[in-house]
There are 2 protein chains.
Amino acid sequence: MGKDTRSRIVEAAMELFWLKGYTSTSIADILSRSQVNSGSLYHFFPGKQDVLLAVLEAYRDGIRAMLLEPAWEGVSDPVERVFALLAFYRRAIVETECQYGCPIGSLALELHDADPIVRERLAENFTNWVDAVEECFRAADHRFIEGTDYRGLAELALNVMEGGVMQARTYRDVAHFDRAVGQYRTFVERMMAHEAA
Amino acid sequence: MGKDTRSRIVEAAMELFWLKGYTSTSIADILSRSQVNSGSLYHFFPGKQDVLLAVLEAYRDGIRAMLLEPAWEGVSDPVERVFALLAFYRRAIVETECQYGCPIGSLALELHDADPIVRERLAENFTNWVDAVEECFRAADHRFIEGTDYRGLAELALNVMEGGVMQARTYRDVAHFDRAVGQYRTFVERMMAHEAA
DNA sequence: GTCTATAAAAGGATAGAC
DNA sequence: GTCTATCCTTTTATAGAC
């Protein structure tokens, strides 16, 4: 049994927005990829932006199943989970021959006059990501030095990931991502300075 | 005496690509902003992408005059120059009510299938930026601990800036940028750990 | 809910006179 | 080098039968 029409649309749009960006993806692209007719799409969505909202909600609601769980498979140490998450992005970079872009980050920068509701969905995605990383660090709080800023550390992980992805794609060289993560690991380890090497 | 036509086109395109992005800026937008007619634009440029290349070259060639010199005005300490550069972006964020996006970073993420020549120009811009920051650190190399990775530290500055700008814009809150820079400052200071507070 | 056909506008680019 | 007019394609979205 095939998936329902609405899901096919969201799935196709998710992939296309990721591959080509929002503006460069036409409704016709979405229709052809999802094998849906114009009338059906506009039956479910008032317009293109509403498809985008549905996509952002799918990312938001799927962060565990699509991102965290696969990234953390077999990794139980909470601090290593942070680096496993980053390694998951590395895998995506390598698998796409350095064309990978974080779908949320790319949309956040592409959409210059994003509707407040769109920005809100983008922000939710960032927040959930940072929350997950912060939780990891807090789960290991006994290993960090006094006064460690867990939120700041988690936000920095996001910046490192987004910046690393941006550079790896621009240079078509995953080494840029690796160096970013390397610097970040150094920093995190300094925050656990009392831990044995 | 007015500027020549070609310059007006590049200037208008530079501003529009920054404000709206490449794909969302139409040739008509550029024509109307630069007060140039279609025929003139296509006299100087084969097509839209060539206007983009000229814009990226203008950023590249203008990094000192447009970015480094204003950012470093009155700042001579090389390490503080790095933070003055970041503070320059902060000013842009505040002045645009958190709508600022780094023009290079935004284009790097917006253009999914960028022509190699376009990517090359983007990469040049990143490289020059990172070079400038690395030079600052190296000019103060006696203050850093043995084995400090200056290139890595400079690349991290770029990631912090790009990530901080991305978050500040998405959340419409410069505090995200500030926290990113704060984390970065902590890291840099750890690399100068022997220096007196 | 789905289908085809099509409207209405905007897009990049060109022609050819001046 | 600049001007106006325009071609052709793509785009988002709608209409109305089934």
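Quick caveat: nothing in here was measured; it's all calculated off a predicted structure. To find a chain, count down the sequence lines: A is the first, B the second, and so on, and within it residues start at 1.
By the side chain to side chain donor-acceptor pair (under 3.5 Å) test, B:Tyr100 pairs with no residue at all, sequence neighbours left out. Not counting sequence neighbours, A:Asn125 has no partner by the side chain to side chain donor-acceptor pair (under 3.5 Å) test. Considering only residues two or more places apart in sequence or on other chains, A:Phe137 meets the ring-ring contact (aromatic ring centres under 6.0 Å, His included) condition with A:Phe144. Listed by chain and number, the residues in a side chain to side chain donor-acceptor pair (under 3.5 Å) with A:Asp115 amount to none (sequence neighbours excluded). Listed by chain and residue number, B:Thr127 satisfy the side chain to side chain donor-acceptor pair (under 3.5 Å) test with A:Tyr171 (two or more places apart in sequence, or in another chain).
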Between the protein and nucleotides 4-6 of chain C, which nitrogen or oxygen pairs are less than 3.5 angstrom apart?
from  : atom 1 : to      : atom 2 : distance (Å)
C:dT4 : OP2    : A:Asn37 : OD1    : 3.3

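Applying the salt bridge (charged side-chain N to carboxylate O under 4.0 Å, His left out) test to residues at least two apart or on different chains, the pairs with a partner in residues 70-84 of chain A are A:Asp77-A:Arg143, A:Glu80-A:Arg185.
DNA chain C forms stems at C:1-10 with D:9-18, C:12-18 with D:1-7, each a run of 3 or more consecutive Watson-Crick or G-U wobble pairs whose two key distances fall under 3.5 Å.
Near-neighbour residues of DNA chain D inside residues 45-58 of chain A, defined by a heavy atom below 4.0 Å, number-ordered: A:Gly47, A:Lys48. Across residues 26-34 of chain B, B:Ser26, B:Ile27 each have a non-hydrogen atom less than 4.0 Å from an atom of DNA chain C (numbered order).
With a cutoff of under 4.0 Å to any heavy atom of chain A, the contacted region of DNA chain D is bounded 5' to 3' by D:dT11 to D:dT14.
With respect to the salt-bridge test (charged N to carboxylate O, under 4.0 angstrom), the residues A:Asp178 and A:Arg90 qualify.
B:Arg169 and A:Arg119 get closest at one heavy-atom pair: O-CD, 3.6 Å.
At a cut-off of 3.5 Å, with distance as the only test, no side-chain donor of B:Ser40 or B:Asn37 sits close to an acceptor on the other residue.
Note: A:Tyr184 and A:Phe83 have tilted aromatic rings, judged against thresholds of 30 and 60 degrees for the angle between ring planes.
Residues B:Leu52 and B:Leu111 form a side-chain contact, since some pair of their non-hydrogen atoms from C-beta on lies under 4.5 Å apart. You'll find the side chain of A:Phe45 reaches within 4.5 Å of the side chain of A:Val10, heavy atoms only.
A:Leu31 and A:Tyr22 end up in the same hydrophobic cluster when Ile, Leu, Val, Met, Phe, Trp and Tyr side chains are linked at under 4.5 Å.
Among the heavy atoms of the strands lying under 4.0 Å from A:Thr25 are primed sugar atoms or P, OP1, OP2 only; no base atom is included.
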Which pairs of donor and acceptor atoms, one on a side chain in residues 54-67 of chain A, lie under 3.5 Å apart (sequence neighbours left out)?
from    : atom 1 : to       : atom 2 : distance (Å)
A:Glu57 : OE2    : A:Arg121 : NE     : 3.0
A:Arg60 : NH1    : A:Glu124 : OE1    : 2.8

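Between B:Tyr42 atom OH and C:dT14 atom P the separation is 7 Å, expressed in whole Å.
Within a 6.0 Å sphere centred on CZ of A:Arg6, heavy atoms belonging to other residues, nucleotides or ligands number 12 at most.
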